[in-house]
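When a ligand or atom number is given, it counts from 1 through the structure's own listing order.
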Amino acid sequence: MGSGIAQVAAQAGFDTIVREISQPLADKARAGIEKTLAKGIEKGKVTAAERDAAMARLRFTTGLKEFASCDIILEAVAEDLELKNGLWKELHAICPEPTIFASNTSSLTIAAMAAACGRPDRMLGLHFFNPVPLMKLVEVVRTITTTDDTFERAFQFVKDLGKEPIRAKDNSGFVVNLLLVPYMLDAIAALEGNVASVEDIDKGMQLGAGHPMGPFTLLDFVGLDTVYKIAEIMFDEYREKRYAPPPLLKRMVLAGMYGRKSGKGFYDYSEDPPRVTALGL
Ligand code: CAA
């Protein structure tokens with residue numbers, strides 16, 4: 001998601017620094033952005049001049065010192081609180097006093113980062129959606145220590161990115177995942193209960209409820225490992241059955257079936273069009 005966020009920022013006119021942990025990953029991020037922009041040109045949504053201007057505003061690095069000049073830092077590292085807080089502490093020592101710290105976490109508590117980052121008043125959540133260049137929404141998440149000034153600056157920044165912000169409280173899942181995750185888990189439970197096939201559940205929600213993707217296509221798209229992790233965190237916070245990951249989801253994650261990113265999830269992506277994976281149900 002980091003490269004998607006960086007692309008959107010650069011396209012919106014912001015000088016943007018992208019940090020990756022190694023040069024090959026930084027090169028991969030650049031290539032990914034170039035590919036998405038090329039697709040945008042193909043679709044007639046981006047001009048060649050806009051692509052060149054966006055690429056010129058992007059700087060790729062493996063260091064952190066460059067962030068001393070930034071007004072806002074958007075963090076999109078793995079959903080691991082220790083990893084995130086280690087990074088925030090390093091950044092706090094580098095960044096000037098007004099710099100806002102924003103996490104793209106989908107389920108961790110912003111308060112836990114605010115407490116550790118050294119600037120609890122200037123910390124908040126900016127939660128983007130996949131694929132970032134196409135999805136309009138950003139949840140702007142304030143925790144109990146976020147000041148009004150920080151919140152309003154971040155809210156305006158999201159508008160300046162050309163996205164649509166909504167206000168959300170620092171509750172696990174915020175708004176969208178609070179509703180979306182139980183829906184995806186229910187689809188898996190329906191499959192486990194032999195209510196219908198993967199294709200028919202997907203078709204049902206696409207054609208019967210107007211969703212752009214059915215729940216299994218969406219699960220594969222978001223990543224089964226990611227959904228599993230988010231569900232575990234939400235279950236831990238709310239202790240309610242509807243957030244508990246169904247056994248099938250856990251088994252698939254254990255088997256390395258993460259969805260599109262691993263080539264196989266509820267669908268097998270080794271063929272075009274993808275075929276439903278035989279799960280022995
Ligand atoms: N650059 C610019 N525009 C582009 C583009 C690009 N690279 N690629 C496509 N577009 C444009 C298209 O021109 C099209 O625009 P119009 O609607 O104006 O014609 C639009 O984007 C859609 O593109 P496509 O027609 O090629 O693609 P699609 O219709 O198959 O839609 C999709 C793709 C947007 C991903 C759609 O399937 C969708 O909305 N799926 C659901 C995604 C979703 O739910 N995401 C949230 C996941 S949850 C999450 O992320 C949060 C979390 O914490 C887990």
Side-chain angles (χ1 to χ4, degrees), residues 1-12 31-51 53-55 74-79 84 102-110 125-141 161-166 168 170-185 187-188 202-203 205-207 209-234 237 243 245 249 253 258-261 265-267 272-274:
M1 289 185 90
S3 22
I5 296 168
Q7 179 192 325
V8 165
Q11 280 184 280
I33 294 173
E34 277 169 348
K35 194 173 159 198
T36 314
L37 287 169
K39 206 165 165 209
I41 294 176
E42 210 178 281
K43 297 252 174 193
K45 300 283 170 177
V46 180
T47 65
E50 284 165 352
R51 173 203 55 203
M55 290 312 295
L74 285 128
E75 165 276 311
V77 304
E79 289 288 81
K84 287 184 193 277
S103 176
N104 181 50
T105 183
S106 44
S107 49
L108 293 169
T109 315
I110 305 298
L126 287 184
H127 184 220
F128 291 75
F129 293 83
N130 251 320
V132 176
L134 304 192
M135 302 300 280
K136 278 299 211 188
L137 186 72
V138 178
E139 292 175 314
V140 186
V141 186
L161 287 179
K163 297 287 185 195
E164 288 289 338
I166 58 169
D170 182 24
N171 283 343
S172 191
F174 314 136
V175 175
V176 174
N177 280 340
L178 190 71
L179 304 180
L180 187 63
V181 171
Y183 158 72
M184 290 193 283
L185 301 181
I188 301 173
D202 266 359
K203 196 189 262 186
M205 294 312 291
Q206 265 192 292
L207 303 185
H211 290 201
M213 289 175 172
F216 295 109
T217 306
L218 185 60
L219 274 152
D220 280 356
F221 182 69
V222 173
L224 271 57
D225 54 333
T226 305
V227 175
Y228 179 69
K229 197 151 192 185
I230 297 174
E232 286 261 276
I233 294 172
M234 289 175 71
E237 171 133 335
Y243 303 112
L249 178 60
V253 172
Y258 297 159
R260 272 186 207 216
K261 64 173 112 168
F266 288 100
Y267 293 90
D272 192 21

Review point. Is there a heavy atom of His127 sitting under 4.0 angstrom from any atom of ligand 1?
Key: yes
Practice item. Answer yes or no for Val227: is there a heavy-atom contact with ligand 1 below 4.0 Å? Key: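 Distance cut 4.0 Å: Val227 fails for ligand 1.
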Check your understanding: Do side-chain atoms of Asn104 reach the backbone of Gly2 as a donor and acceptor pair under 3.5 angstrom?
Key -> no
Practice item. Would you confirm whether Lys136, through its side chain, and Gly162, through its main-chain N or O, come within 3.5 Å as a donor-acceptor pair? Key: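 Yes; judged by distance alone, with no hydrogens or angles, the pair exists.
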For ligand 1, which part of [X] has a heavy atom less than 4.0 Å away: the side chain, the backbone, both, or neither?
X: Pro131; result: side chain
X: Met135; result: side chain
X: Asn177; result: side chain

Can you find a pair of side-chain heavy atoms, one from [X] and one from [Y], that are under 4.5 Å apart?
X: Ile188; Y: Leu219; answer: yes
X: Met135; Y: Asn130; answer: no
X: Pro215; Y: Asp202; answer: yes
X: His127; Y: Asn177; answer: yes
X: Thr217; Y: Gln206; answer: no
X: His211; Y: Leu218; answer: no
X: Tyr228; Y: Asp225; answer: no

[atom]: any protein heavy atom closer than 4.0 Å:
atom: atom 17 (O) of ligand 1; answer: no
atom: atom 32 (C) of ligand 1; answer: no
atom: atom 38 (C) of ligand 1; answer: yes

Revision key, fill the gap. Nearest heavy-atom approach of Met234 to Ser172 is CG-OG, 3.5 Å
Minimum non-hydrogen distance to [atom], winning option of [options]:
atom: atom 45 (N) of ligand 1; options: Asn130, Leu37, Val46; result: Asn130
atom: atom 54 (C) of ligand 1; options: Val176, Leu218, Val181, Val222; result: Val222
atom: atom 7 (N) of ligand 1; options: Leu219, Leu134, Thr36, Asn104; result: Thr36

Give the numbers and elements of all ligand 1 atoms closer than 4.0 Å to a heavy atom of [X].
X: Lys39; value: 7 (N)
X: Pro212; value: 36 (C), 37 (O), 38 (C), 39 (O), 40 (N), 41 (C)
X: Ser106; value: 53 (O)
X: Gly40; value: 1 (N), 2 (C), 6 (C), 7 (N)
X: Phe129; value: 49 (C), 50 (O), 51 (C)
X: Leu180; value: 48 (S)

Review point. Atom OG1 of Thr105 and atom CD1 of Ile233: how far apart are they, to the nearest 0.5 Å?
Key: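 So the OG1 of Thr105 and the CD1 of Ile233 are separated by 6.5 Å.
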Practice item. Any chance you could measure Glu34, atom CD, to Gln7, atom CD, to the nearest 0.5 Å? Key: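 One finds 10.5 Å between CD of Glu34 and CD of Gln7.
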Point to revise | Protein residue, atom and distance nearest to atom 19 (O) of ligand 1, heavy-atom basis | key: Lys45 NZ, 3.9 Å
Check your understanding: To the nearest 0.1 Å, how far is atom 27 (O) of ligand 1 from its closest protein heavy atom, and which atom is that?
Key -> Lys43 NZ, 4.9 Å
